[in-house]
Amino acid sequence: KVSHILASCGTTSGTTVVWDLKRQRPVISFVDPQSKRRCSAISWNPEVATQLIVASDDDRSCSLQVWDLRNSVAPTNEFVGHTKGVLSLAWSPHDGDLL
């Protein structure tokens with residue numbers, strides 16, 4: 001965990017931005033090149049500091065995408081199957097493999 005690093009999302013363009021609060025500027029930003037879907041929630045992986053998961057509240061494109069900041073060209077994994085958009089999410093504090 002790095003207390004001065006923050007991730008934000010929620011734009012209609014689908015962009016996720018990782019901020020360095022000490023320097024007061026963005027470190028990296030990314031968007032899925034295949035689908036510029038709206039972002040509704042984001043959560044850091046508690047076991048892998050470079051990974052985060054991004055959710056979409058768009059009912060037409062409801063999925064969860066895992067991103068690794070070491071290679072932010074495309075998501076490393078995508079979970080589909082929700083019938084409605086995802087409004088919130090969290091990693092399990094007891095098992096890093098569970099959301």
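The structure presented is a predicted model; accordingly, all values stated were derived computationally and were not measured.
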Next on the checklist: Salt bridge check, R70 against D68: does any charged N sit closer than 4.0 Å to a carboxylate O?
Outcome noted: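 Result for this pair is yes, salt bridge flagged.
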Spatial distance of atom [atom1] ([X]) from atom [atom2] ([Y]) [nearest 0.5 Å]:
{"X": "S88", "Y": "D57", "atom1": "OG", "atom2": "CG", "answer": "11.0 Å"}
{"X": "L69", "Y": "Q51", "atom1": "CG", "atom2": "CD", "answer": "9.0 Å"}
{"X": "D97", "Y": "S92", "atom1": "CG", "atom2": "OG", "answer": "9.5 Å"}
{"X": "D58", "Y": "C39", "atom1": "CG", "atom2": "SG", "answer": "11.5 Å"}
{"X": "I42", "Y": "L89", "atom1": "CD1", "atom2": "CG", "answer": "8.5 Å"}

For residues 74-81, tabulate all N or O donor-acceptor pairs below 3.5 Å that involve a side-chain atom, not counting sequence neighbours.
unit_1 : atom_1 : unit_2 : atom_2 : d
T76    : OG1    : V66    : O      : 3.2
E78    : OE2    : S63    : OG     : 2.8

Could you report the tightest heavy-atom contact between [X] and [Y], atom names first, then the distance?
{"X": "G85", "Y": "D59", "result": "N-OD1, 2.7 Å"}
{"X": "V17", "Y": "S29", "result": "CG2-CB, 4.0 Å"}
{"X": "W44", "Y": "A49", "result": "CZ3-O, 3.4 Å"}
{"X": "S43", "Y": "W91", "result": "OG-CD1, 3.0 Å"}

Would you check if [X] and [Y] make a side-chain contact, meaning some heavy-atom pair closer than 4.5 Å?
{"X": "L64", "Y": "H82", "value": "yes"}
{"X": "I53", "Y": "N45", "value": "no"}
{"X": "T16", "Y": "V31", "value": "no"}
{"X": "F30", "Y": "W67", "value": "yes"}
{"X": "V18", "Y": "L6", "value": "no"}

Next on the checklist: Does atom NE2 (H4) have a neighbourhood of more than 12 heavy atoms from anything else shown, all under 6.0 Å?
Outcome noted: yes
